[in-house]
**Q** 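Dumping the structure here so I can ask a few things about it.
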Amino acid sequence: MKLRCRDHVLPLDRTLIMGVLNVTPDSFSDGGLYFEPAAAVERGLEMVEEGADIIDVGGESTRPGAVDVPEEEELRRVIPVLRGLAGAGVPLSIDTRKAEVARSGLEAGAAILNDTLGEETQRGTDEMAAESGAAMVVMHSRGSPATMRSLTDYDDVVLHVRVFLKERGQELERVGVAPESIVLDPGIGFAKTPAQNLELLRRLGELVDVGRPILVGTSRKSFIGQVLDLPEDQRVEGTLASVCWAVAKGARIVRVHDVKETKRAVRLTEAIAAAGIHE
Ligand code: HH2
């Protein structure tokens, strides 16, 4: 399996690490740290040094309860950072809920659209991916950051997310997105209870079975805090446990803040998975 995103073709026979770069004052974990474009570019380059295969640039927090960011402000945050990282040698991804930000992000050099709208239908980005050759990450969510906490009723969360992702993948192919440019993501923490997040991870194999690469984003999220009773700045070990579990279950891309630590943990997980196969 390969991931095609504009000029880049990334092998998927090993796990890809997507480094999180939030150019926001209020993201739940790194909010405020990289709000200045120069600091954000520096952190992006540092993550590439640490082994990130993709850098995901976002200008609006999606944490439950986050306030909406006007389009001009979101553009002001992300565009200089995408431009500044254009020569970094790895594909850049633009994490946005707005079609106009996605369009400008592509113009500024992004090769991946990270579509976190989920079941919301005001998108308009599918055709952009088809026309530009960008890859598209389709993430499951419901409602908006303001409402998602109350939208957690599912008969069976895994089956629901599976059907949604499968259908979105087919829809993308219908508008002309290449099959090798489509990535599916259960949207850990988006309109899910802590128990539902754990169940999605436990049964991740049912999503892998859809037959497209799966991206998992658990990094420092609150379900880890709930299980371990730890604040956001002490969730690295919990993140690594969840990432290794996801990789063992077949996830091909992991979205994380702690790139260096994740790289080491994932390499060991892969070594275990491959042990004895080639002897
Ligand atoms: N999680 C977050 C944001 N974007 N994109 C994908 N594809 N999958 C995810 O799980 C995902 C995502 C939320 O995490 P973070 O960026 O750290 O926080 P915030 O939204 O507060 O900026």
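All residue numbers in this chain count up from 1 along the given sequence. Note that ligands are numbered from 1 as they come in the structure, with each ligand's atoms numbered from 1 the same way.
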**Q** Would you check the N or O atoms of Thr116, main chain and side chain alike, for any that come under 3.5 Å of an N or O of ligand 1?
**A** no
**Q** Is the shortest side-chain N to carboxylate O distance from Glu206 to Arg162 below 4.0 Å?
**A** no
**Q** Which option wins on minimum heavy-atom distance to atom 10 (O) of ligand 1: Lys221, Arg255, Met139?
**A**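 Looking at heavy atoms only, the winner is Lys221.
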**Q** I'd like to check whether Thr24 has a polar contact with ligand 1, where a contact means an N/O of the residue lying under 3.5 Å from an N/O of the ligand.
**A**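 Among all N and O atoms of Thr24, none is under 3.5 Å from an N or O of ligand 1.
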**Q** Between Arg63 and Asp26, is there a salt bridge with N-O shorter than 4.0 Å?
**A** yes
**Q** Short N/O distance, under 3.5 Å, between Asp56 and ligand 1?
**A** no
**Q** Can you tell me which residue and heavy atom of the protein come closest to atom 20 (O) of ligand 1, and the distance to 0.1 Å?
**A**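 For atom 20 (O) of ligand 1, the nearest protein heavy atom is Thr62 OG1, 2.5 Å.
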**Q** Under 4.0 Å from any heavy atom of Gly217, which atoms of ligand 1 are there?
**A**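 Within the 4.0 Å cut-off of Gly217, ligand 1 contributes 10 (O).
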**Q** For atom 5 (N) of ligand 1, what is the closest protein heavy atom, and at what distance to 0.1 Å?
**A** Asn114 ND2, 3.0 Å
**Q** To which protein heavy atom is atom 21 (O) of ligand 1 closest, and what is the distance rounded to 0.1 Å?
**A**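 Protein heavy atom with the smallest distance to atom 21 (O) of ligand 1: Ser61 OG, 2.7 Å.
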**Q** For atom 4 (N) of ligand 1, what is the closest protein heavy atom, and at what distance to 0.1 Å?
**A**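 Residue, atom and distance for the closest contact: Asp95 OD2, 2.8 Å.
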**Q** For atom 22 (O) of ligand 1, find the nearest protein heavy atom and state the residue, atom name and distance (0.1 Å precision).
**A**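 I find the closest protein heavy atom is Ser27 OG, 2.5 Å.
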**Q** Among all protein heavy atoms, pick the one closest to atom 17 (O) of ligand 1 and tell me residue, atom and distance.
**A** His257 NE2, 3.0 Å
**Q** With a heavy-atom distance limit of 4.0 Å, tell me whether Arg220 approaches ligand 1 through its side chain, its backbone, both, or neither.
**A**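 Arg220 to ligand 1: no contact under 4.0 Å from either part.
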**Q** Please identify which atoms of ligand 1 are closer than 4.0 Å to at least one heavy atom of Arg63.
**A** 20 (O), 21 (O)
**Q** Can we say Glu107 and Arg103 salt-bridge, meaning some charged N sits less than 4.0 Å from an Asp/Glu carboxylate O?
**A**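 Salt bridge between Glu107 and Arg103, a charged N being under 4.0 Å from a carboxylate O: no.
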**Q** Within a strict 4.5 Å, meaning less than it, do heavy atoms of the Arg252 and Thr15 side chains meet?
**A** yes
**Q** With a 4.0 Å cut-off on N to O distance, would you call Glu120 and Arg142 a salt bridge?
**A** no
**Q** Exactly one of Ile55, Asp95, Asp30, Asp258 should register a side-chain contact (heavy atoms from CB on, under 4.5 Å) with Val20. Which one does?
**A**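 Single side-chain contact (heavy atoms from CB on, under 4.5 Å) partner of Val20 among Ile55, Asp95, Asp30, Asp258: Asp30.
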**Q** Quick one: nearest non-hydrogen protein atom to atom 8 (N) of ligand 1, plus distance?
**A** Asp185 OD2, 2.6 Å
**Q** Taking only heavy atoms of Asn22 into account, list the atoms of ligand 1 that are under 4.0 Å away from them.
**A**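 Checking each atom against Asn22, I get 15 (P), 16 (O), 17 (O), 18 (O), 22 (O).
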**Q** Apply the side-chain contact (heavy atoms from CB on, under 4.5 Å) test between Glu60 and each candidate in Thr116, Asp68, Thr96, Val78; give the one that qualifies.
**A**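 Looking at Thr116, Asp68, Thr96, Val78, the match for Glu60 under the side-chain contact (heavy atoms from CB on, under 4.5 Å) is Asp68.
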**Q** Any ion pair linking Arg212 and Glu173 (charged N to carboxylate O, less than 4.0 Å)?
**A**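 Counted as a salt bridge, because a side-chain N and a carboxylate O are separated by less than 4.0 Å.
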**Q** So if I count the atoms of ligand 1 from 1 in the order they appear, which ones are less than 4.0 Å from some heavy atom of Val137?
**A**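 Answer for ligand 1: 7 (N).
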**Q** Pairs under 3.5 angstrom only: tabulate donor-acceptor contacts from the side chains of residues 40-51 to other protein residues two or more places apart or in another chain.
**A**
from, atom 1, to, atom 2, distance (Å)
Arg43, NH1, Glu46, OE1, 2.7
Arg43, NH2, His257, O, 3.1

**Q** Pick out which of Asp185, Asn114, Thr218, Ile17 makes a side-chain contact (heavy atoms from CB on, under 4.5 Å) with Arg255.
**A** Asn114
